[in-house]
Amino acid sequence: MLHITVQFKDKFIARVLIDGGSSLKIRPLTTLKRLDKGLHEIRIGSMNVKAFDVSQRATIGKINLSIQMGPNWFDVEFQVLDIFATYNLLLGRPWIYADGVVASTLHQSVKFEWNHQEVVIHGDGSNPIYTNQTVSVIENRKKLGGETYHCIERVNAIEKDQ
């Protein structure tokens, strides 16, 4: 899975799932409310969506959202669903192909061309600037009994700053 952080107006939206296996762009109703977007902005356009658990749900409608990734703005039309989701936005195959984005779950990054330059957006897991939990892994070597061992320590952001 690949999660990134995008910007909408003056707010950052974390946990944006990039899913090349999905044929939709989904926006849960809870995310819509947290961004102060009114329900009156939802355009009617109901469709049935098959979830990962094979259940079917109807969408409430669709809404446009301009999101910023790096220096570029993307205008995306999302299907709005009243669901509990582990992501705030889902960007699927139609967005990836339409905007010429290359998403890599292996490298935990998204790449696209902007102004004749390659832009790389790193996934939330690989960029500690957007997380406030465990940030980094420090790798060092410790000598114990004449032998060298590799030791990995996780450093909490709060402890690191102090």
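All heavy atoms count here, side chains included; hydrogens, waters and symmetry mates do not.
Counting only heavy atoms from C-beta outward, the side chains of I18 and I4 approach each other to under 4.5 Å. Side-chain contact check for L2 versus Q108: some heavy-atom pair is nearer than 4.5 Å. Annotation: side chain of V16 is in contact with side chain of L91 (closest heavy-atom distance under 4.5 Å). Contact check for V49 versus L24: side-chain heavy atoms found under the 4.5 Å cut-off. Residues I121 and F112 are in side-chain contact: their nearest non-hydrogen atoms beyond the backbone lie under 4.5 Å apart. Looking at heavy atoms from C-beta onward, L81 lies out of side-chain contact with I60 at the 4.5 angstrom threshold. Counting heavy atoms from C-beta outward, T5 and I13 have side chains that stay 4.5 Å or more apart. Using a 4.5 Å heavy-atom threshold, the side chains of W73 and W114 count as separate.
Hydrophobic clustering (side-chain heavy atoms under 4.5 Å, transitive across Ile, Leu, Val, Met, Phe, Trp, Tyr) keeps I26 apart from F84. By the criterion of side-chain heavy atoms lying less than 4.5 angstrom apart, applied directly or through intervening Ile, Leu, Val, Met, Phe, Trp or Tyr residues, Y97 is grouped together with V101 in one hydrophobic cluster. Both M1 and I83 are members of a single hydrophobic cluster when ILVMFWY side chains are connected at heavy-atom separations under 4.5 Å.
The side chain to side chain donor-acceptor pair (under 3.5 Å) search around D99 returns W95, not counting sequence neighbours. Under the ring pair (Phe, Tyr, Trp, His ring centres under 6.0 Å) criterion, F8 pairs with no residue at all, not counting sequence neighbours. With sequence neighbours left out, T105 forms a side chain to side chain donor-acceptor pair (under 3.5 Å) with no residue at all. Partners of A58 by side-chain contact (heavy atoms from CB on, under 4.5 Å), not counting sequence neighbours, listed by chain and number: S46, N48. For E113, the side-chain contact (heavy atoms from CB on, under 4.5 Å) partners two or more places apart in sequence, or in a different chain, are H116.
No side-chain donor from either of N88 and R27 sits under 3.5 Å from a side-chain acceptor of the other.
Checking side-chain atoms of T59 against main-chain N and O of V80 turns up no donor-acceptor pair under 3.5 Å. When atom types are taken as modelled, the side chain of D19 and the backbone of G21 share a donor-acceptor pair closer than 3.5 angstrom.
One distance of note links CZ of F78 with CD1 of I63; it measures 10.0 Å at 0.5 Å rounding. Atom CG of L90 sits about 4.5 Å away from atom CG of L17, to the nearest 0.5 Å. Rounded to the nearest 0.5 angstrom, K111 NZ and H122 NE2 are separated by 9.0 Å. In this structure, CE in M69 is found 12.0 Å from CD in Q7, a value given to the nearest 0.5 Å. To the nearest 0.5 Å, atoms CZ (R93) and NZ (K25) are separated by 12.0 Å. Between the OG1 atom of T31 and the OH atom of Y87 there is a distance of 9.0 Å, given to the nearest 0.5 Å.
Heavy atoms only, all atoms of each residue included: P28 and A85 are closest at CG-CB, 3.9 Å.
Counting only residues at least two apart or on different chains, the salt bridge (charged side-chain N to carboxylate O under 4.0 Å, His left out) pairs with a member in residues 68-77 are R43-E77.
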